[in-house]
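Structure, as structure tokens:
Every heavy atom of this structure was used, including side-chain atoms; hydrogens, water molecules and symmetry mates were not.
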Amino acid sequence: MPRTDSSKSRHPPSSAAAVLAESVDDAAFSTTLAKGLVVLEAFRGGSTLLGNMELSTLTGIPRPTVARLTHTLAELGYLRYDAERSKYRVGARALRIAHPLLAGMQFRQVARPMMQELALSVRGTVSIGLLDATSMIYVETARSGDVGPHVPDIGMPIPVALTAMGRAAAATLPPADADRLERNIAAEDSGLWTAFRDKYRAGIVQCKSRGFCTCWGEYIASIHAVAAPLFHASESKQSFSINCGIPAFRLQPGQLEAEIGPRIAALADSIRAIVGHTELAPPRKTKKITSGGT
């Protein structure tokens with residue numbers, strides 16, 4: 001009998017591969033479709049051109065199956081075959097899938113000029129992220145010229161637990177969803193959760209008390225960041241936050257918390273006013289922080 005876990009669509013595992021592995025006993029689950037999506041997800045930053053053997057190694061799917069999937073995806077336009085290299089790259093049609101999602105976030109276009117103004121002022125990046133499982137996905141970004149080694153782009157994922165953006169998004173969640181997110185992070189990487197749990201929770205406390213949280217190079221050592229919660233859309237179950245990342249060498253002592261943090265929180269207030277969200281999230285009890293900081 002097919003499973004009917006309604007929470008799965010709201011809190012999916014971190015990849016199509018994870019769903020495929022968990023769905024072997026689900027009679028309603030299409031493994032062929034899932035394998036095709038696993039192949040598509042193998043194309044990430046730094047892996048833009050892949051052959052069938054590489055895809056088989058990355059996904060664990062047998063090479064003959066991969067060959068049928070890539071051929072089909074190429075015929076449909078979701079992959080494009082490079083005959084000179086005998087490899088595939090993502091095709092333009094893949095962008096069509098993202099457009100309906102992005103089109104439903106009209107506040108991005110209204111927010112972008114304000115984001116660009118702040119990015120130029122602090123000589124960094126300002127980005128909006130959407131919570132997806134245990135990652136944040138950039139859905140809008142603005143930047144000044146040279147912003148260092150991390151250049152955000154729409155569609156790029158970053159981890160929730162290690163980033164100010166992720167902690168700020170977690171601060172928007174209703175209590176049950178916030179607890180589920182913690183369990184998912186711990187299940188996905190128990191070592192990472194043990195190492196960063198206290199800083200993660202401290203970031204949520206910061207958001208509740210100050211309107212923003214800080215991250216001192218925990219994701220990328222040379223980039224320091226602040227982030228503020230935006231809102232949790234109850235109908236679509238989408239949680240958003242906004243961050244500002246700056247190369248560490250550009251920051252004066254105390255500037256991140258005293259100046260840039262309040263500015264990102266004020267920008268979040270302005271965006272919420274435009275969208276019409278006045279509440280960040282229902283109140284929740286904060287778990288005790290035993291050690292660590294932000």
Side-chain angles (χ1 to χ4, degrees), residues 11 105 107-108 111 114-115 118-119 122 124-142 150 152 156-175 177-182 184-185 193 196-220 223-234 237-246 256-257 259-275 277-284 286-287 289 292-294:
H11 301 278
M105 305 173 192
F107 70 93
R108 297 180 307 115
M114 297 184 288
M115 296 165 60
L118 178 56
V122 300
T125 64
V126 178
S127 305
I128 294 174
L130 168 64
L131 180 64
D132 175 50
T134 59
S135 296
M136 295 298 297
I137 309 297
Y138 288 110
V139 297
E140 189 59 79
T141 188
H150 181 62
M156 179 186 295
I158 59 174
V160 167
L162 296 177
T163 59
M165 177 182 272
R167 297 163 191 176
T172 72
L173 293 173
D177 292 354
D179 291 342
R180 187 181 295 109
L181 175 58
E182 288 200 358
N184 288 346
I185 296 171
W193 178 241
F196 289 95
R197 174 185 57 213
D198 293 338
K199 290 184 177 182
Y200 171 84
R201 291 177 176 168
I204 295 174
V205 171
Q206 270 194 314
C207 288
K208 299 291 186 180
S209 62
R210 303 182 65 181
F212 68 89
C213 63
T214 54
C215 184
W216 304 94
E218 286 138 42
Y219 177 50
I220 295 177
I223 302 292
H224 293 176
V226 290
L230 279 176
F231 55 87
H232 175 75
S234 57
K237 307 298 182 184
Q238 293 176 329
S239 295
F240 296 91
S241 61
I242 186 167
N243 78 345
C244 179
I246 304 174
L256 194 66
E257 290 187 290
E259 175 192 340
I260 300 172
R263 291 182 69 180
I264 201 71
L267 179 54
D269 286 340
S270 297
I271 295 171
R272 277 195 300 275
I274 293 169
V275 177
H277 283 268
T278 56
E279 296 290 335
L280 291 180
R284 62 188 285 247
T286 303
K287 296 181 181 179
I289 299 168
T294 58

Determine yes or no for a side-chain-to-main-chain donor-acceptor pair under 3.5 angstrom, with Thr172 supplying the side chain and Ala168 the backbone.
no
From CA spacing to verdict: side chain to side chain contact (heavy atoms under 4.5 Å, CB included), Leu256, Trp216:
CA-CA 9 Å; Leu256 194 66; Trp216 304 94; 3.6 Å; yes
Shortest non-hydrogen separation from Ile242 to Ile271 and the atoms involved
CD1-CD1, 3.7 Å
Hey, is the main chain of Met165 close enough, under 3.5 Å, to the side chain of Ser241 for a donor-acceptor pair?
yes
Are Thr141 and Met156 packed together at the side-chain level, in the sense that at least one heavy-atom pair is separated by less than 4.5 angstrom?
no
With a 3.5 Å distance limit and no angle check, can you tell me whether Arg272 reaches the backbone of Phe231 through a side-chain donor-acceptor pair?
no
Closest approach of Glu218 to Leu162 (non-hydrogen atoms, all atoms of both residues):
CB-O, 3.7 Å
Say you draw a straight line from CE of Met136 to CG of Asn243; how long is it, rounded to the nearest 0.5 Å?
8.5 Å
Quick one: pull up CD1 in Ile274 and CG in Asp269 and give me the separation to the nearest 0.5 Å.
11.0 Å
So, for Ile220 and His150, which heavy atoms are closest and what is the spacing to 0.1 Å?
CD1-CB, 3.2 Å
Any donor-acceptor N/O pair, Arg167 side chain to Val160 backbone, under 3.5 Å:
no
In the structure I gave you, are the side-chain heavy atoms of Ile128 and Met105 within less than 4.5 Å of one another anywhere?
no
Are Ile260 and Leu118 side-chain neighbours, meaning at least one heavy-atom pair lies under 4.5 Å?
no
Start with the C-alpha distance between Ile185 and Leu181, add both sets of side-chain angles, then the distance that settles side chain to side chain contact (heavy atoms under 4.5 Å, CB included), and finish with yes or no.
CA-CA 6 Å; Ile185 296 171; Leu181 175 58; 4.0 Å; yes
Residue from Phe196, Tyr219, Tyr200 passing side-chain contact (heavy atoms from CB on, under 4.5 Å) with Thr163
Tyr219
Measure the shortest side-chain to side-chain distance between Thr214 and His224 over non-hydrogen atoms and say whether it is less than 4.5 angstrom.
no
In this structure, CE of Met115 is separated from OG of Ser127 (nearest 0.5 Å) by 5.5 Å
Side-chain heavy atoms of Thr125 within contact of Ile223, under 4.5 Å:
no
Would you give the length of the straight line joining atom CG of Leu230 to atom CG of Leu130, rounded to the nearest 0.5 angstrom?
11.0 Å
Rounded distance (nearest 0.5 Å) linking atom CD of Glu182 with atom CG of Leu173:
10.0 Å
